[in-house]
Amino acid sequence: MKNTLSAIALLSFFIMAGCGTTGGTASVGALGGAAAGGGVYEYRLHKAKERIESEHKAGKMDDKEYNARKDEIERLQLLR
């Protein structure tokens, strides 16, 4: 817990120090944008996985197609 708080404090310091300069502000903005974009990407893959699971359970998709599409989604995911 103490290490986590120390890491958060240090990260906050670097972010605040970076915001004092034009380059630092751009870097923080770029990192924030990349994180948001990655989150949307993962969310869409998660929703696609839920959709194929529901189609499989409803009998609209056979096991072979379900496994192929599930494997494809898992290969595209950054977070597992």
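Keep in mind that what you see is a predicted model, and the values were worked out from it rather than measured.
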Kindly give the heavy-atom pair with the smallest separation between I73 and L45, and that separation in Å.
-> CG2-O, 3.8 Å
For D63, all residues meeting side chain to side chain donor-acceptor pair (under 3.5 Å), sequence neighbours excluded | H56
Do E74 and K49 meet the salt-bridge criterion of a basic N to acidic O distance under 4.0 Å?
-> yes
Results of side chain to side chain donor-acceptor pair (under 3.5 Å) for K60 - residues two or more places apart only | none
How many angstroms lie between atom CE of M61 and atom CG of N67, to the nearest 0.5 angstrom?
-> 10.5 Å
Taking only residues two or more places apart in sequence, or in another chain, which ones meet K47 in a side chain to side chain contact (heavy atoms under 4.5 Å, CB included)?
-> Y43, E50
Please name all residues satisfying side chain to side chain contact (heavy atoms under 4.5 Å, CB included) with R51, sequence neighbours left out, ordered by chain then number.
-> A48, E55, R69
